[in-house]
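Have a look at the structure below, then the notes.
Reckoned from all heavy atoms, side chains included, excluding hydrogens, waters and symmetry mates. Chain letters run A, B, ... following the sequence lines, proteins first and then strands; every chain starts at 1.
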Number of protein chains: 2
Amino acid sequence: MPPQDKLELADVARLAGVSPATASRALSNAYGVSPATRARVLEVAERVNYVVSPEASGLARGTRQRVALVVPHIERWFFGAMVSGLGSVLRAAGFDVLLYHVGDSEDRSRFFEQLPARRKVDAVVVVAFPVADEERARLELMGVTVVAAGGQNAAYPFVCIDDHAAARQAVDHLLQLRHTRIGMIGARDPAWPNWPVRPGRIQAYYDCLEAAGIEVDPALISTVDWGPEHGAEGMARLLSLREPPTAVYAHSDEIAFGAMSVLRRAGLRVPQDMSIVAIDDHPLSAFLDLTTVAQPVPEQGKLTAQMLLALLRGEETDQAMHVPTKLVVRGSTTRLRSAEENTGANM
Amino acid sequence: MPPQDKLELADVARLAGVSPATASRALSNAYGVSPATRARVLEVAERVNYVVSPEASGLARGTRQRVALVVPHIERWFFGAMVSGLGSVLRAAGFDVLLYHVGDSEDRSRFFEQLPARRKVDAVVVVAFPVADEERARLELMGVTVVAAGGQNAAYPFVCIDDHAAARQAVDHLLQLRHTRIGMIGARDPAWPNWPVRPGRIQAYYDCLEAAGIEVDPALISTVDWGPEHGAEGMARLLSLREPPTAVYAHSDEIAFGAMSVLRRAGLRVPQDMSIVAIDDHPLSAFLDLTTVAQPVPEQGKLTAQMLLALLRGEETDQAMHVPTKLVVRGSTTRLRSAEENTGANM
DNA sequence: CTGTTAGCGCTTTCAT
DNA sequence: ATGAAAGCGCTAACAG
């Protein structure tokens, strides 16, 4: 009996010999229905394969049970993993997930201009991207709870890693390996030019070097768009310096992958000729032997969702929540060798 | 004026000095409203920031304007890219995207048992996974259009690559490079044991070797779960053979990445000691110099969505649609060298 | 515990 | 071209 969805509550009620009201109560397991009646209604509903109309139910009860996920780059591991974590707890809580993929700045502005999620959701989660002031103003029009997953977003409660701490783990690792000429390949997001995506990842570089008494050489800092191809670009630039770094700290594993490919092509060995460390622990990093600072991504999604649910229940929650990161030492970093034991570090 | 969503059509109508009926017509740009009136209504709606209640509107007009995407592994590039393609055309057509992430077999059976999307969507897209018969039966209960993206699914209209052809491009490439001992690392999905995920990718191996007059050595076939860690496993097994292959064809780039890591650790060089080719053209493949058969993923998503929209409009469409693949030769494959010019190919 | 009665906010005949 | 009125399918008082 295919399009069984033609059956409505009234039918079930009639079949069960009760009023629609009672049937409704039985189905939504509210109080005030005798076990026998409820059982009968449930049995009938089951038998005829009945499901409530969410539109009607939502209209009547003024609820939506839906949350919007606004995601910039769904095809990237990080965002997918975040969505996966968010989704699992939201679904478990009976919420449906409406996905709004804002791949480029055009999608982005369309989303905030038109607010396609208006009146459709109880909350929105902005996944790992900074919300501009005007955008925040627009979002406000929706009048719903907003939280941020995987990126600090002063404006909303958020959960993410402590970028500064993570970056410190990376840079300190290099420092401990006695490197002093440490390059940094930083990432910006082309969709948000002039917006330092992860200020903490930059600041930590300065702070660590300073703490180690090393003066920052601006030439060693390369800022590129996100992505392996640009990581490659950044590395190439560093290699072209008269005095290249002996180690590089990349803002993300994917940047590092690109950097490593340039090194390989230049005939330089990792880690002997160049140490490299990054942040993320991408699923492929173990296979590329990349030393990195791991962050738990699906967990961040789950925590964000839990925070959101608490907020929706009207509970108080922290404005910020940080999850810990952990340095994973693999084969891409090694102790700086002194000049005499060195073999071909300078191109 | 934050929760502006309290305004209803009636308010707009009043403010514009018309009846709700007229206001409704004006907003849904139906016929039968004088330009002047329409303009006035639109102006008011705009000014007070009005949006229709999708629940009420949907209830009244019996429509949903939503499609469900059922996605197995959202954190993997392939699925994310597919979703991105699907989403862009669906959104452009005014549909909202409901995401159902079925990560493991438990999620899966829950999805098909409970059919959480019932009565919520106009269609469902199963993204790159085979639907079992019982599952199809359940899906039927929803009484909506179903299409498959990125994987053939005899049961539903679908768009995907021709696996057999793609695999042939890969294996023939190896054959042309004079390899004769060609290994295959095939992938199965742990969530669907005993289900050959991509039969065409296996069959083509047999067919190509046969066409080349080479007898298939079962020892050269290694079937593993999806993922780099298992690709590594598969490669290790092949390497442990008394007479290992000189080239390997992997079902997917991510399998190949794992395989390559094992080779590197074993001190074997790619491609000198082992050629390796795969299918996908993962965004990182260019940086790992992997020869592979590229498939256009977001395009498949777009095409699937277009096919779905056509179906929803009641048009006829092809039951199957194949997108072309293309061999991308990079550095992981090379001509088989004869024994005498060989250096250390046998562990 | 159960039935009756109003709506929820919008669309859509059917009149005018 | 516009308005009045009757629902769409369900839930939430309010009685009993």
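Scanning residues 13-20 of chain A for heavy-atom distances under 4.0 Å to DNA chain C yields A/Val18, A/Ser19.
The distance between atom CD of A/Glu55 and atom C1' of C/dC8, rounded to the nearest whole Å, is 13 Å. The CZ-C1' distance, from A/Arg61 to D/dA12, rounds to 10 Å in whole Å. Distance, B/Gln65 CD to C/dT11 C1': 15 Å, rounded to whole Å. Atom CG of B/Leu59 and atom P of D/dG7 are 14 Å apart (whole Å). Between the CZ atom of A/Arg64 and the C1' atom of C/dC8 there is a distance of 12 Å, rounded to whole Å. Note: CD (B/Glu8) to P (C/dC10) measures 6 Å, nearest angstrom.
Mapped onto DNA chain D by nearest heavy atom, B/Ala60 and B/Arg40 fall at different nucleotides, with B/Arg40 at the one closer to the 5' end.
For A/Thr22, taking side-chain heavy atoms from C-beta onward, the closest of the listed nucleotides D/dC10, C/dG3, C/dG9 is C/dG3. Of the candidates C/dT11, D/dT2, D/dG9, C/dT11 carries the atom nearest the B/Ser24 side chain, counting heavy atoms from C-beta on. When distances are taken from the side chain of B/Ala21 to each of D/dA5, D/dA1, D/dT11, the shortest belongs to D/dA5.
Take B/Glu46 and apply the salt bridge (Lys or Arg N to Asp or Glu O under 4.0 Å) test, not counting sequence neighbours, and it matches no residue. For A/Glu315, the salt bridge (Lys or Arg N to Asp or Glu O under 4.0 Å) criterion is met by A/Arg313, not counting sequence neighbours. Partners of B/Ala93 according to the side chain to side chain contact (heavy atoms under 4.5 Å, CB included) rule, which considers only residues two or more places apart in sequence or in another chain, are B/Phe95, B/Leu309.
Residues in residues 12-23 of chain A take part in these side chain to side chain donor-acceptor pair (under 3.5 Å) pairs, two or more places apart or across chains: A/Asp11-A/Arg14, A/Ser19-A/Thr22.
The base of C/dG3 is paired with the side chain of A/Arg25 by a donor and an acceptor separated by under 3.5 Å.
For the pair B/Arg61 and A/Glu55, the salt-bridge criterion is not met [side-chain N within less than 4.0 Å of a carboxylate O]. A salt bridge does not link A/Asp96 with A/Arg66: every distance from a Lys NZ or Arg NE/NH1/NH2 to an Asp or Glu carboxylate oxygen is 4.0 Å or more.
Contact annotation: A/Ser57 does not reach the phosphate of D/dG9 (side-chain N/O to OP1 or OP2, under 4.0 Å). Contact between the side-chain N/O atoms of A/Ser34 and the OP1/OP2 oxygens of C/dT2 is found at a separation under 4.0 Å. OP1 or OP2 of C/dG9 has not a single side-chain nitrogen or oxygen of B/Tyr50 nearer than 4.0 Å. Considering only side-chain N and O atoms, A/Ser53 lies nowhere under 4.0 angstrom from the phosphate OP1 or OP2 of D/dC8.
Axis angle, first five pairs versus last five pairs of the helix from C/dC1-D/dG16 to C/dT16-D/dA1: 30°, rounded to 10°.
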- Query: Under the side-chain contact (heavy atoms from CB on, under 4.5 Å) criterion, do B/Arg136 and B/Tyr156 qualify, and how do the steps go?
  - Reply: CA-CA 10 Å; B/Arg136 213 171 67 235; B/Tyr156 307 112; 2.6 Å; yes
